[in-house]
Amino acid sequence: MDDEALLERARRGDRDAFASIVTRHQDELYTMALRLLGTPHDAADVVQETFLRAYSRLPDLRGPTVRAWLFRVALNCAHDVQRRAVRRPAQPLEDAEGNVVELPDPGLGPEASALARERLAAVRDALNALPPDFRAAVVLRDVNDLSYDEMAEALRIPVGTVKSRLSRARAMLATTLRASTVIFPVAEGQA
Amino acid sequence: MAPKHVHDLFSAAYDGTLGGAQAERFRAHVDTCPECAQAYDVFRTSVDAVRALPAARMPLPVHLPSDAPVAEQTLAARLRRLPRFRFVPGAATGVAAVAAAAIVVLALNHQGGGNVATNRGIGPNANSVAGGAPACPQPVPASANPASPTAYQHRVSASDRGRPGQELVLATQTGSAAPGTQVLVYARLSVPQPSAGAPGAAAARSAAPVNTTAVVPCLRVSGAGPLAFAPAHSVKTDGNAAAPVVPNGLSQAPGIPAGSEAIQAFTIPAGTAPGTVLYITATIPANYPLAGDPTLSVDLAITVG
């Protein structure tokens with residue numbers, strides 16, 4: 001059953017239908033929030049609040065797709081968290097021993113795993129260096145793979161603005177990552 | 001093709017959205033310009049690196065309100081799901097019960113003999129007030145000023161086309177509170193008169209409201225994950241000096257002017273982790289106070305800190 005059909009059933013009071021929407025989208029919303037905010041705790045809060053808001057506003061739901069609408073609500077929640085985060089320090093993605101909690105692939109060997117973690121940290125730092133609006137554009141497109149139309153709906157901006165913002169954001173990201181020897185290893189003899 | 005212009009096309013080229021002729025010109029230039037070729041390689045590798053980030057999984061179960069969002073619930077189900085405010089035992093409970101009964105009487109009088117207490121989807125719960133649980137939702141006397149108290153700046157509001165003229169306001173004084181402290185919550189539905197509760201009101205709802213009356217919504221407090229709290233006690237202030245409903249003096253809290261209708265409170269348990277987000281939900285059930293009114297609810301988040 002597609003999202004629109006589930007939504008229609010949820011509007012009629014079918015909690016299971018809404019639960020199916022939650023199950024279908026919670027991980028991608030969590031991933032988006034994690035890449036936007038950088039902390040698992042805040043990201044989980046965003047997902048929780050997104051679905052609470054969605055649940056209470058089912059009668060008002062508008063928009064071309066449920067997915068884009070959920071992303072829009074999640075972005076608003078993330079903005080609220082970002083505003084609150086100004087007043088408290090960011091929580092690192094590391095445990096008490098300094099290990100990065102977010103492991104890319106448990107099947108990797110020690111050396112490859114270490115390299116993957118370095119790449120992850122480099123990309124994460126480059127994302128965090130972007131202004132929030134630009135970071136959101138890159139995350140929606142390159143992390144969550146939203147279409148231009150879905151991005152326009154989620155960000156509430158025209159498609160043309162989506163394209164130009166994404167272009168500038170990616171260019172800034174490339175400029176930052178170009179200095180990373182993890183992403184762009186220096187060839188032997190050039191060091 | 002100037003290098004700057006070529007660089008501006010990197011993003012569209014990466015997504016494959018360049019038009020046929022433009023894509024051909026872009027490819028031809030990059031093939032013959034080492035500088036642009038290297039720049040595009042950096043661009044493409046960088047975007048690829050972002051796209052290679054691992055997906056994450058939501059680590060906690062999503063907690064949803066227990067109420068059905070839109071559908072009509074049976075009366076029994078609604079009564080079963082209504083939160084119960086736990087009164088502090090003792091003399092204050094008796095004072096509250098008597099005063100709450102006075103509110104109902106005032107509400108009836110204020111409606112000019114209208115039957116607010118009987119013409120709605122959920123009964124007035126006057127009996128349950130006397131029995132120790134307050135009414136939910138409750139009618140309260142009209143206020144000349146429907147605005148929320150000025151000190152309650154952390155606020156949200158909701159309305160619905162199915163409830164013309166009605167507005168549900170939910171507010172607290174701040175967006176954060178420490179563990180162990182009491183949180184005062186202003187929650188109020190303003191209902192245009194003379195339609196509220198009067199027989200045949202549904203047909204008269206388009207009439208221009210002369211005044212407003214108020215309804216105290218059901219309140220629920222829940223936290224992320226399994227955390228859930230019930231309001232510790234109800235603290236209502238009523239502008240009518242003849243019927244003060246203040247069992248514990250909290251009506252003296254700053255920012256609550258005479259004429260305020262609906263202040264309730266709950267206490268954040270000591271030991272609640274800082275950073276926990278609590279969600280206050282105010283709900284007016286469907287068919288209240290008028291037949292045909294849809295469910296209306298609004299959420300307000302506060303952070304424990």
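By convention in this document, chain letters (A, B, ...) are assigned in the order of the sequence lines, proteins followed by strands, and residues within each chain are numbered from 1.
- The CD atom of A/Glu28 sits 12.5 Å away from atom CZ of B/Arg57, with the distance rounded to the nearest 0.5 Å.
- Both the backbone and the side chain of B/Phe43 come within less than 4.5 Å of a heavy atom of chain A.
- A pairwise comparison of heavy atoms in A/Arg35 and B/Pro54 identifies NH2-O, 2.8 Å as the closest pair.
- For A/Arg170, the salt bridge (charged side-chain N to carboxylate O under 4.0 Å, His left out) partners two or more places apart in sequence, or in a different chain, are A/Asp142, B/Asp15.
- With values rounded to the nearest 0.5 angstrom, A/Ser167 atom OG is found 13.5 Å from B/Tyr14 atom OH.
- Contact annotation: the side chain of A/Arg119 never approaches that of B/Leu53 to less than 4.5 Å [non-hydrogen atoms, C-beta and beyond].
- Heavy atoms only, all atoms of each residue included: A/Phe184 and B/Val42 are closest at CZ-O, 3.5 Å.
- Residue B/Arg51 places its CZ atom among more than 12 non-hydrogen atoms of other residues, nucleotides or ligands, all under 6.0 Å distant.
- Partners of A/Asp133 by salt bridge (charged side-chain N to carboxylate O under 4.0 Å, His left out), not counting sequence neighbours: none found.
- Shortest non-hydrogen contact noted between B/Ala56 and A/Leu34 is CB-CD2, 3.8 Å.
- Residues A/His25 and B/Met58 form no side-chain contact, since every pair of their non-hydrogen atoms from C-beta on lies 4.5 Å or further apart.
- Nearest heavy-atom pair across A/Ala174 and B/Ser46 is CA-OG, 3.4 Å.
- With a threshold of 4.5 angstrom between heavy atoms, A/Arg57 does not approach chain B through any atom at all.
- Using a distance-only test at 3.5 Å, with no hydrogens or angles considered, a donor-acceptor pair links the side chain of A/Gln48 to the main chain of B/His63.
- Residue A/Leu29 does not touch chain B at all, counting heavy-atom pairs closer than 4.5 Å.
- You'll find the side chain of A/Leu177 stays beyond 4.5 Å of the side chain of B/Thr45, heavy atoms only.
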